[in-house]
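Written below as structure tokens is the structure these notes are about.
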Amino acid sequence: MTKREKRSIIPVFLIFASAALIPLVDTGYWLSISISVVMYTVLATSWTLFSGPTHYISLATAAFFGIGMYTVAGGLELLPFPFLVFLAGIIGAILAAVIGLATLRLSGVYFVIFTLGLAEFIRQIFTWVQTTMGTSSGLYVLTDITESIIFWELLALAMLVFGLGWWIGRSRLGFALRIIGNDEIVAAHCGINTARAKIVLFIVSGSIASVTGALLSPRWTYVEPGIAFSPMISFQVVIMALLGGTHRLWGPLLGVIPFTLLWDVISTFFPNQTTLLLGISFLLIVYLIPNGIVGLVEKIYSNWISGNREQFN
Amino acid sequence: MDIVVIGLLLGGTYALIAIGLQLQYGVARIMNLANGELLVAGSFGAFWFFSSAQLSPLLSLFIVTPLAFVFNWLIYQYLIRPLVRRAKNRGQLEVDSILATFGLSFIFVGLMTAIFGGEYFSYSYLEQPFNLLNQSYGLNRIAAFLVSVVFCVALYIWINRTQTGLTLRAVAVAPESAGLVGINVPNTLALAFALGGAVTAAGGASLSMFLTFDASVGVIFTMKALIIVIMGGVRAINGVIISAFILGFVETAVATLIDPGLTLAAAYLLFIFILLFKPQGLFGGHAS
């Protein structure tokens, strides 16, 4: 650990600890918004773990999320909840491994295309299975898990994700991924098994998204394919991560908080224009702040530093 | 037999759509995720002319297609060109253009929902039966198929027999070298992009003759077109046409034999199969 990292431990713990107090203060609107913030923080940060260094845009979050949700919804009568959450992680990992093996050995475009339709593909299969096997199109999730508990579970998961992200960032794997992101051919020539490195990290990312879906399942009492595999989740995760900035571990967080609050306002006041506004925010980010809020802050900061230096000289 | 003929008719329109995407991705090198939305815009165009002016889709094609050409040309000049200039390398451009066109697709869906509403649309045009090999098929399907054949043949001749077609092929093969022999590369790229969009919109207009559509269905067609292009090979026009027929046939078979809700799933299985065993496409040379 560097000195700087040691110094940041205490503030980070303080932030998490004070966040954990939220359910004690309010269990209404602010708790529900906080759940969304933590949920998207976990999803966007785990998305960035893979897509940040490699620049491979994954649009599959909804697929993993939905799989996790269905694992809990489908197995609740047979197995205990904690086991199902664990199982969701395993299933997500297997799905990610299969997708990775099929697409990550090839160029990035194949991966993007594949993930674009993945949630819809799985949704069609689930709908078909449910309508041919059973009579109803959805499943009931009846538990005594309150919103406060969901929040704490997600917060713990967020801590895990940040810890994992920090550890990957300083490991050989993280280093290998950054090289792949800069130039895949160079990476291959350095002796990095590029396909393996990408697949491993995609598995981590996908598994976390599945666990998130599993933890959130009790929040909806009724789960059906249209809700669980809603493609909007994938798009929002991508946009939040990009808004925050994908080259720092804490970047997505800076995108998640403003966007979740803004999105809540938008969907209350303009419920029919959400798609249009989502598209506009996408374009604004790509054209105006390509490196996200973090990139913007760092640029201003470095300008300020160099400005100060000039004054001294 | 039924499945083969319907699959063939559907495949014709798919070929047209996929060629549109191929022009944009193979020649202009922009992965356009808003392609399906432009297709739906074409469908809405044909629908609007039919319901407000009783104009046959076969005629409104001649209005919709040039409009789509101009519109796509503007998109390329004002939205894609800045990204091309900004990009330090091919990978950066790929990421940027995927994100930008992805955002565009949402804007189109939002606009079309705002203008036409979120429900399903269809109109009845040429719904008489037509007898073919002792079976009857909708005349509108056959008309749509003929439209695609005419467009595909025209494009094929244009690309292979004219001067402009030659520059297009040159830029597709080697954009850097094309500039050295006096080809205006930026203009050719814009032309390919605009032409691709126009062809896609024409495909959308002919699809609307026999398919029900809504404002948000575009992404499904983007997926299908992408799968066809990858299956056929990014720069092989013959491969794309054959792959379109394969997809049309497989989809029709799955829809009639198993469940109409599984058409995308069928396309996906085909996609996985291709990725695992022949990622450079059935008829392509090397993967790019």
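Chain letters run A, B, ... following the sequence lines, proteins first and then strands; every chain starts at 1.
Of the atoms belonging to A:Ile122, not a single heavy atom falls under 4.5 Å from chain B. No part of A:Tyr56 comes within reach of chain B, as not one of its non-hydrogen atoms sits under 4.5 angstrom from that chain. Both the backbone and the side chain of B:Val95 come within less than 4.5 Å of a heavy atom of chain A. When heavy atoms are compared at a cutoff of 4.5 Å, A:Val98 does not approach chain B at all.
Put simply, of B:Ile230, B:Asp96, B:Val109, the one with the most heavy-atom pairs under 4.5 Å next to chain A is B:Ile230. With chain B as the partner, the residue from A:Ile99, A:Thr274, A:Leu283, A:Leu277 showing the most heavy-atom pairs under 4.5 Å is A:Leu283. When each of A:Asn272, A:Val109, A:Val112 is scored by its heavy-atom pairs under 4.5 Å with chain B, the top score falls to A:Val109. Highest contact tally toward chain A, considering only B:Ile98, B:Ile272, B:Leu226, is held by B:Leu226 [criterion: heavy-atom pairs under 4.5 Å]. With chain B as the partner, the residue from A:Ser281, A:Pro290, A:Gly117, A:Pro231 showing the most heavy-atom pairs under 4.5 Å is A:Gly117. Interface remark: of the candidates B:Leu262, B:Ile227, B:Leu79, B:Thr101, B:Leu262 forms the most heavy-atom pairs closer than 4.5 Å to chain A.
Using a 4.5 Å heavy-atom cutoff, the side chains of B:Phe106 and A:Ile280 are not in contact. For the pair A:Leu278 and B:Ile107, the minimum side-chain heavy-atom distance is 4.5 Å or more. A:Phe282 is not listed as a side-chain neighbour of B:Leu104, based on a closest heavy-atom distance of 4.5 Å or more.
Rounded to the nearest 0.5 angstrom, A:Phe121 CZ and B:Ile220 CD1 are separated by 12.5 Å. Atom CZ of B:Phe102 sits about 4.5 Å away from atom CG of A:Leu59, to the nearest 0.5 Å. Distance check: A:Ile57 CD1 to B:Met31 CE gives 11.0 Å after rounding to the nearest 0.5 Å. Separating the CD atom in A:Glu120 from the CE atom in B:Met223 is a distance of 9.5 Å, to the nearest 0.5 Å. Annotation: the span from B:Phe108 atom CZ to A:Thr275 atom OG1 amounts to 14.0 Å, rounded to 0.5 Å. Expressed to the nearest 0.5 Å, how far CG of B:Leu33 lies from CD1 of A:Ile113 amounts to 8.0 Å.
When the shell of 6.0 Å around CD1 of B:Ile115 is examined, it contains more than 12 heavy atoms from other residues, nucleotides or ligands. Within 6.0 Å of the CZ atom in A:Phe175, the count of heavy atoms belonging to other residues, nucleotides or ligands does not exceed 12. For B:Arg86, the CZ atom counts as densely surrounded, since its 6.0 Å shell holds more than 12 non-hydrogen atoms of other residues, nucleotides or ligands.
For A:Tyr110 (side chain) and B:Leu275 (main-chain N/O), no donor-acceptor pair under 3.5 Å exists by modelled atom type. Under a 3.5 Å cut-off, the side chain of A:Gln124 and the backbone N or O of B:Leu264 do form a donor-acceptor pair.
Heavy atoms only, all atoms of each residue included: B:Ile258 and A:Trp128 are closest at CG2-CZ2, 3.7 Å. Closest heavy-atom contact between B:Ala265 and A:Ile125: CB-CG1, 4.3 Å.
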